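In this text, all values refer to a predicted model and were calculated from it rather than measured experimentally.
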Amino acid sequence: MVPDFSLILIGWLLVRYTSFDRAFWSGVERLVYFVLFPALLLQATNSAVFDFSTTSAMLALALATTVFGMAAGYAVKWVLRPNPIDFASGLQTAFRFNSYIALALAARLGGSEGLAMMAVIVGCVVPLCNVAAVWALARHGEMRLWRELARNPLILATAGGLITNVLGLHPPEVVAMTMARLGSASTALGLMTVGAGLQMSGAVGTVGPVAWWTGVKLLAMPAFAWAVGRHLPLSPLQFQIAVLYAAMPTASSAYILAVRMGGNGPMVAAAISVMTVSAIVTAPLWLALVS
């Protein structure tokens, strides 16, 4: 896992000690999110060979783990009683996940098969996470929410790859190779943008809730996935991918959502940073437990 987390560190160093400022990395992140990452998901899900009889169990575990994270994250409202804006802004950090890191580590863990499994989880869980995150910060009607979900490039790419896979439709080799090259670029650039967005200062005054949500995301969720997954009909790789998904730090896009919807952006940025740095320690421990 050192090469992948090293890319996060490189992004952090570049944004602070070179002319590649946050505005530059914002453009890079849009490129990754709208072009490179969808190409990776589409190619991975289109070319994978799935055993749907057992993949369904893996997806059910991922979805159940996500719902558990939502409930555990919501409990902070009664335990620590944060102010409403902080609660609405930070709740999403308890259950959303960084798909850049997840896909990079899944590929390292299980090659193309592991990448395809994680891509399917991304496509199925992202809509649920987005609905819950927007609901907590909602200032707009549901029509806008569903329209945004329908245009989400990660969801569209995964759905397109799965549908064409089931129908037996595969692109010509030259197209597949081009998509593979785009996907390869998304991994390194995506991890570097994670590092470029790290900032801790916003945690002042909200240490309790941030610590609570960090514990839910990095400890409680993977513990739930590990405990439940042991009793499901999963292959060793599927079990590892499910626990890996649960152990991922929160999504870097949580900050963007909080700012756009009038929430506490600095606090969310701090939570993202704390979780990402902490995952350098916790994620390998969870993977060691299921290996």
Side-chain angles (χ1 to χ4, degrees), residues 1-12 15 25 29 32-33 37 62 65-66 68-70 72-73 76 89-109 118 121-122 125-126 129-130 132-133 154 186-200 202-203 206-207 209-226 240-258 265-290:
M1 295 176 67
V2 172
D4 298 307
F5 283 110
S6 295
L7 290 172
I8 296 176
L9 175 61
I10 290 171
W12 183 84
V15 78
W25 288 105
E29 185 168 22
V32 172
Y33 185 77
F37 220 44
T65 302
T66 304
F68 169 80
M70 292 175 181
V76 76
S89 304
L91 175 60
Q92 58 177 322
T93 65
F95 55 84
R96 296 183 70 184
F97 67 104
N98 194 306
S99 49
Y100 299 152
I101 301 176
L103 286 164
L105 295 182
R108 191 170 298 280
L109 184 66
M118 186 63 76
I121 291 178
V122 169
V125 173
V126 163
C129 290
N130 285 357
L154 306 187
S186 74
T187 302
L189 288 176
L191 292 173
M192 291 169 71
T193 60
V194 172
L198 296 181
Q199 46 186 320
M200 302 287 191
T206 58
V207 173
V210 169
W212 178 281
W213 288 318
T214 300
V216 169
K217 189 69 201 72
L218 300 183
L219 300 177
M221 283 184 63
F224 177 90
W226 175 78
Q240 291 173 338
I241 293 297
V243 173
L244 174 65
Y245 154 73
M248 288 296 93
T250 197
S252 54
S253 58
Y255 168 76
I256 299 172
L257 180 63
M267 183 202 70
V268 174
I272 294 168
S273 302
V274 169
M275 292 186 194
T276 302
V277 173
S278 300
I280 296 175
V281 176
T282 59
L285 294 178
W286 286 112
L287 284 179
L289 186 64
V290 298

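- Annotation: side chain of F37 is in contact with side chain of L103 (closest heavy-atom distance under 4.5 Å).
- With contacts defined as side-chain heavy-atom distances shorter than 4.5 Å, the pair P249/I272 does not qualify.
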Y33 vs S186, side-chain hydrogen bond (donor to acceptor under 3.5 Å, both in side chains): CA-CA, chis, key distance, verdict = CA-CA 8 Å; Y33 185 77; S186 74; over 6 Å; no
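- Counting only heavy atoms from C-beta outward, the side chains of F97 and V126 approach each other to under 4.5 Å.
- Under the 4.5 Å side-chain criterion, counting only non-hydrogen atoms from C-beta, T250 is not in contact with N98.
- Within the 3.5 Å criterion, the main-chain N or O of G73 finds no donor-acceptor partner in the side chain of K217.
- Taking CD1 from I8 and CG from L191, the interatomic distance works out to 5.5 Å, rounded to the nearest 0.5 Å.
- Summarising the geometry of V210 relative to A271, their closest heavy-atom pair is CG1-CA, 4.0 Å, with the distance given to 0.1 Å.
- Residues M118 and L244 form a side-chain contact, since some pair of their non-hydrogen atoms from C-beta on lies under 4.5 Å apart.
- Using a 4.5 Å heavy-atom threshold, the side chains of Q92 and C129 count as separate.
- From T65, atom OG1 reaches atom CZ of F224 across 5.0 Å, with rounding to the nearest 0.5 Å.
- L9 contributes atom CG, which lies 8.0 Å from atom CD1 of I280 (distance to the nearest 0.5 angstrom).
- Taking CH2 of W213 as the reference point, atom CZ of F95 lies at 10.5 Å (rounded to 0.5 Å).
- For the pair R96 and A133, the tightest heavy-atom approach, listed with the atom from each and the gap, is CD-CB, 3.9 Å.
- Atom CE in M221 sits 11.0 Å away from atom CE in M248 (nearest 0.5 Å).
- Nearest heavy-atom pair across Y100 and G190 is CD1-O, 3.4 Å.
- Side-chain contact between E29 and S252 is present, with at least one heavy-atom pair separated by less than 4.5 Å.
- Shown here for A62 and Y245, the closest heavy-atom pair between the two residues is O-CE2, 3.6 Å.
- Here the closest heavy-atom approach between residue L218 and residue A247 is recorded as CD2-O, 3.6 Å.
- Contact annotation: the side chain of W212 approaches that of V216 to within less than 4.5 Å [non-hydrogen atoms, C-beta and beyond].
- For A196 against W25, the heavy-atom pair with the smallest separation is CB-CG, 3.5 Å.
- Between atom CH2 of residue W12 and atom CG of residue L7 there is a gap of 15.5 Å, rounded to the nearest 0.5 Å.
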